[in-house]
Amino acid sequence: MRDDKQTPGVTPDARTYHEVVAALARAHEWRLAERTFAEMRAAFPNHDPNVLVVTSLISAYGKGGQWEKANCAFETLREAGTPVDTGVYNALLSAAVSAARYREAQKVFDRMPTEGVRRNTTTYNAVLTSLGRQRRLRDMESLRREMRRNGIESNETTFSVLITAFGNAGECEKACALLEEACDTPWVYKSAVVFNSALGACVKAGDQVLARRVLTLMKGEGIHPTLVTYNTQLMGASALRDWGEVSDIYRSLLRSGQQPDAITLDCLCGIEKLQQANDARLEQEAAACRAMERAVAGDGTAEGAVGHDTVSPEVTTASTSASLDGVVPDSFRPRNDLGDLCERLRVVVAEETRLVRNPPGPAESDAGEGSERGVSIGASSATARRGSFHNIPPPALPGAALTFAYDALLRALHIAGRGEEVERVFSDMQNANVKRTVHTYNSLIASHEARRQWQRAGDAMARMQEEGIAPDAITFDALVDVAEETGQWDRATAWLEQAQEEGHLRCEDELGVLDLHRIRSAGTAQTVLRWWLRRMRARALAPLDATSAGRGTRAILEKTVLPSVVGALADQKTQPSQLPAQIRDLPEQIQVVTGWGKHSQVFGRSPVKERVLALLGGLNSPFDVPEHNIGCVVADRGDVRAWLVRDELLSLVRFLGGNKDALKRNFNPKSAGTKK
């Protein structure tokens, strides 16, 4: 849209700009929204932006976590004397919540009545979200009572926020009670979102009975399960290592016409964090039984009867494992043990193959669907008003289910460490002319990654692109990781740069902050960190030579006298946008977010933090782990600059002393002494 409005002969008006800013806000593109707003001001210098376009800009800033910018836009609007309504305040309130500025959010909320601005359901939902993220459950209940007193009706978002908060706190019974209240509230329009929130709460708590109750309520309301519903079910069944249930759920997913994604395949093979939590619950139950048996036998003390609270899964004995109906804790099983899941998925592949060869007739395919597509008798009036079966997925393409069945089998074989079988199954797909997807190739490339076969991983990438399949972040993560871990550091950097050109693995959203939350593997994290350090070094050297910044020491060596460089810069008419960001333009504290702190929401085990600490420590960097947030490493901006410039000068001295490889230091692991 931004490009089209620049077409010769087409003159955009203020409404055009407003629609573009609003669309960019919905797409979480705050930088483009800001740029479009600036273009509008330049195009209409005598026209003050109306409240709607500024509200969209504030919303864009909020979704990007830019609280200061959002607040500045809001205050500018007020200073201009423009009346601000509930919508503007709600946008500002959401911006504060998105940026985790919870105190500021409370101030905005408290300020609304004094400014004569009415609060509505959206206002309260934003504050409930803030309280939920802070685990302030009692305050959430108090605020809900205030909503009732003020005649503010709850909607689906209200219930979803409350259910999620109580679910995250482990109070799944309260979450289910809220779901039932939502179902009994006739004016609440319910979609799968609120049911998925409750289902997720039950799965995290390991309560399968309540999870089934949620699914029953969902069916009673005539809500069709979404992909999130199936993913959550898979997560719960794999946490229990009930591989028969896992394969049945996946089979139902395929029959529903849903299209599995990367999260589906992760949930299929088990989320380690949930599996460990389930093992801990089982161990506590077993320890309680043992304490009870000792007490009954008369050889246990009162302390022994309650001692199960301190028993750790790491001290589980073989006899304990036998008492858990064959469930073996993680400390006694390989991480890649998926039981008979691979064999069960082979059965699913065989079933889908038969369906492709002998497709059912229309009467068979429609059998049993009539009752589902109508509204259930017990549905609420809001659902009855809807009058149709909600969230029905579009019809699947012929053979799509077979492709997805193969994708699941390939992922399970890879997780199970059966790399050669991955290649054989992939060959079977090719021979049977079954369509491949990005997930197909991701499993193949990941199997090469696990076996350190960087050349074969690259060949798979080439075949993938020849078939017209676009790689995603997972593809590049595996390619970068296998190159990094096998010492192919230049190749790893090349893969990273290609990924960034295609919109993936862009970890530096803000200057001075490297966010590794979405990085899956240690090798990729190390590559990204090396790339980022080179950028930081360019910024540290920019005051010395802005034209050479970003090209390393070799470019600086070409300038024999520093004053001549300064003179050349003075004579140049370089545009500011062409100059690299200097170190002094960065925030006072430089930060690397590893995404693995004590409050991390990342599932599974991540070696990213350990690798980051190892590389930065080996390079004698000034970065340290702060006590208040162990999920990141931080350093003072001045210390970082001194470290980068000092090491660059040492590299120069070594080069002049005859070490021709000194300028290729490039923050590689060998220079840090990092062992892999």
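Source: prediction; values computed, not measured.
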Enquirer: Considering residues, nucleotides and ligands other than Gln430, do more than 12 of their heavy atoms fall under 6.0 Å from its CD?
Expert: yes
Enquirer: What is the minimum heavy-atom distance between His439 and Ala262, and which atoms define it?
Expert: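 Smallest heavy-atom distance, with atoms named: CE1-N, 3.4 Å.
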Enquirer: Can you tell whether the side chains of Asp207 and Arg213 come within less than 4.0 Å, N to carboxylate O?
Expert: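 A salt bridge is absent here (no side-chain N lies under 4.0 Å from a carboxylate O).
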Enquirer: Within the distance-only criterion (no hydrogens, no angle test), does the side chain of Thr164 pair as donor or acceptor with the backbone N or O of Val161 below 3.5 angstrom?
Expert: no
Enquirer: State which residue, out of Arg456, Arg418, His448, fulfils the side chain to side chain donor-acceptor pair (under 3.5 Å) condition with Glu423.
Expert: Arg456
Enquirer: Judged by modelled atom types alone, do Thr527 and Thr524 share a side-chain donor-acceptor pair under 3.5 Å?
Expert: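 Checked: Thr527/Thr524 side chains show no N/O donor-acceptor pair below 3.5 Å.
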Enquirer: So do the side chains of Val438 and Met464 get within less than 4.5 Å of each other, counting heavy atoms only?
Expert: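 Contact flag for Val438/Met464 side chains = yes.
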Enquirer: Out of the candidates Arg255, Arg357, Arg251, only one should pair with Glu352 under the salt bridge (Lys or Arg N to Asp or Glu O under 4.0 Å) rule; please name it.
Expert: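 That would be Arg255; it is the only one of Arg255, Arg357, Arg251 passing the salt bridge (Lys or Arg N to Asp or Glu O under 4.0 Å) with Glu352.
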Enquirer: Please walk me through it: do Ile474 and Arg520 pass side-chain contact (heavy atoms from CB on, under 4.5 Å)?
Expert: CA-CA 8 Å; Ile474 298 176; Arg520 290 187 163 212; 3.8 Å; yes
Enquirer: Side-chain contact, heavy-atom cut-off 4.5 Å: Leu199 with Leu215?
Expert: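 SC-SC contact between Leu199 and Leu215 confirmed.
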Enquirer: Enter the distance from Met235:CE to Cys269:SG here, rounded to the nearest 0.5 Å.
Expert: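 Taking CE in Met235 and SG in Cys269, the distance rounds to 14.0 Å.
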Enquirer: Does the pair Asp266/Arg411 count as a salt bridge with the N-to-O cut at 4.0 Å?
Expert: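 Salt bridge flag = yes for Arg411 with Asp266.
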Enquirer: Is there a side-chain contact (heavy atoms from CB on, under 4.5 Å) between Tyr406 and Thr440 once you walk through the steps?
Expert: CA-CA 8 Å; Tyr406 267 111; Thr440 311; over 6 Å; no
Enquirer: Working to the nearest 0.5 angstrom, can you tell me the gap between Asp477 CG and Ile445 CD1?
Expert: 11.0 Å
Enquirer: Report the C-alpha separation of Arg530 and Leu615 in whole Å, then their side-chain angles, then the decisive distance to 0.1 Å, and conclude whether the side-chain contact (heavy atoms from CB on, under 4.5 Å) test is met.
Expert: CA-CA 9 Å; Arg530 292 193 297 105; Leu615 183 60; 4.0 Å; yes
Enquirer: Spell out, as yes or no, whether a donor-acceptor pair under 3.5 Å connects the side chain of Asp242 to the backbone of Ala237.
Expert: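 No, the answer is negative, given that no donor and acceptor are paired below the 3.5 Å cut-off.
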Enquirer: When you compare the side chains of Thr232 and Thr229, does any donor N or O come within less than 3.5 Å of an acceptor on the partner?
Expert: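 Distance-only check fails for Thr232 and Thr229.
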Enquirer: Compare every heavy atom of Cys172 with every heavy atom of Ala205, then report the nearest pair and how far apart it is.
Expert: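 Shortest heavy-atom separation between Ala205 and Cys172 comes out as CB-SG, 3.7 Å.
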Enquirer: Using side-chain heavy atoms (C-beta onward) and a distance below 4.5 Å, is Arg436 in contact with Leu444?
Expert: no
Enquirer: At their closest point, which heavy atom of His504 faces which heavy atom of Pro471, and how far apart are they?
Expert: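 Looks like NE2-O, 3.4 Å.
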Enquirer: Mark yes or no for whether Lys190, through its side chain, and Ala182, through its backbone, hold a donor-acceptor pair below 3.5 Å.
Expert: yes
Enquirer: Once rounded to the nearest 0.5 Å, what's the spacing between atom CG of Asp340 and atom CH2 of Trp243?
Expert: 9.5 Å
Enquirer: Classify the ring geometry of Tyr441 against Phe426: parallel below 30°, tilted from 30° to 60°, perpendicular beyond 60°.
Expert: perpendicular
Enquirer: Tell me, with the steps shown, if Leu345 and Leu268 meet side-chain contact (heavy atoms from CB on, under 4.5 Å).
Expert: CA-CA 11 Å; Leu345 291 175; Leu268 177 86; 4.0 Å; yes
Enquirer: Closer than 4.0 angstrom, basic N to acidic O: yes or no for Glu485 and Arg611?
Expert: yes
Enquirer: Side-chain donor-acceptor pair under 3.5 Å between Thr157 and Ser160, yes or no?
Expert: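 Their side chains do not contain a donor-acceptor pair, so the 3.5 Å distance test is not met.
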Enquirer: Considering only heavy atoms from C-beta outward, does the side chain of Trp495 approach that of Met461 to under 4.5 Å?
Expert: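 With C-beta onward as the side chain, the pair touches.
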Enquirer: Check whether more than 12 heavy atoms from other residues, nucleotides or ligands sit under 6.0 Å from atom CZ of Arg452, and answer yes or no.
Expert: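 Yes, enclosed.
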Enquirer: Any side-chain donor-acceptor pair under 3.5 Å between Asp261 and Thr264?
Expert: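 Note: Asp261 and Thr264 side chains meet the donor-acceptor criterion.
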Enquirer: Once rounded to the nearest 0.5 Å, what's the spacing between atom CD of Glu421 and atom NE2 of His414?
Expert: 14.0 Å
Enquirer: Does the side chain of Glu221 come within less than 4.5 Å of Phe195's, by heavy atoms?
Expert: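 Side-chain contact under 4.5 Å: yes.
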Enquirer: If you count the non-hydrogen atoms of other residues, nucleotides and ligands that lie under 6.0 Å from CD in Glu343, is the total more than 12?
Expert: yes
Enquirer: Show the nearest heavy-atom pair for residues Leu179 and Ala198, with the distance to one decimal.
Expert: CD2-CB, 3.7 Å
Enquirer: Going by side-chain contact (heavy atoms from CB on, under 4.5 Å), name the residues that satisfy it together with Ala177, two or more places apart in sequence or in a different chain.
Expert: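 Ala177 satisfies side-chain contact (heavy atoms from CB on, under 4.5 Å) with no other residue.
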Enquirer: Regarding Glu501 and Arg506, does a basic nitrogen lie under 4.0 Å from an acidic carboxylate oxygen?
Expert: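 Salt bridge: no.
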Enquirer: Return yes if some donor-acceptor pair links the side-chain N/O of Ser238 with the main-chain N/O of Cys267 below 3.5 Å, else return no.
Expert: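 Yes.
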Enquirer: Rounded to the nearest 0.5 Å, what separation is found between the CG atom of Asn358 and the OG1 atom of Thr353?
Expert: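 Result: 11.0 Å between the selected atoms.
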Enquirer: Rounded at 0.5 Å granularity, tell me how far CG in Leu496 sits from SG in Cys507.
Expert: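 If we round to the nearest 0.5 Å, Leu496:CG and Cys507:SG are 7.5 Å apart.
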Enquirer: Is it the case that the side chain of Lys609 and the backbone of Ile630 share a donor-acceptor pair, with hydrogens and angles ignored and the cut-off at 3.5 Å?
Expert: yes
Enquirer: Check the side chains of Ser443 and Asp407 for a donor-acceptor pair under 3.5 angstrom, ignoring hydrogens and angles.
Expert: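 Result is no, nothing qualifies.
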Enquirer: I would like to know whether Thr475 and Asp472 meet side chain to side chain donor-acceptor pair (under 3.5 Å); could you show each step before the answer?
Expert: CA-CA 5 Å; Thr475 316; Asp472 60 12; 2.8 Å; yes
Enquirer: Look at atom CG of Leu137 and say whether more than 12 heavy atoms of other residues, nucleotides or ligands are closer to it than 6.0 Å.
Expert: yes
Enquirer: Pair Arg491, Glu484 - check salt bridge (charged side-chain N to carboxylate O under 4.0 Å, His left out), show working.
Expert: CA-CA 8 Å; Arg491 190 179 302 275; Glu484 182 78 16; over 6 Å; no
Enquirer: Flag the pair Gln465 / Ile469 as yes when at least one side-chain heavy-atom distance between them is below 4.5 Å, and no otherwise.
Expert: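 They are not in side-chain contact.
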Enquirer: Answer whether the closest heavy-atom distance between the side chains of Val612 and Leu616 falls below 4.5 Å.
Expert: yes
Enquirer: So, does Asn196 use its side chain to make a donor-acceptor pair with the main chain of Ala192 at under 3.5 Å?
Expert: yes
Enquirer: If you compare all heavy atoms of Gly132 against all heavy atoms of Ala165, which two are closest, and at what distance to 0.1 Å?
Expert: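 Nearest heavy atoms, Gly132 then Ala165: CA-CB, 3.9 Å.
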Enquirer: Once ring pair (Phe, Tyr, Trp, His ring centres under 6.0 Å) is applied, do any residues pair with Phe166, and if so which ones, sequence neighbours excluded?
Expert: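 None.
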Enquirer: Any side-chain heavy atom of Gln591 sitting closer than 4.5 Å to one from Leu514?
Expert: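 Answer no - side chains too far apart.
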Enquirer: More than 12 heavy atoms of other residues, nucleotides or ligands under 6.0 Å from CG of Asn433: yes or no?
Expert: no
Enquirer: For the residue pair Leu413 and Arg346, what are the closest heavy atoms and their distance?
Expert: CD2-NH2, 4.0 Å
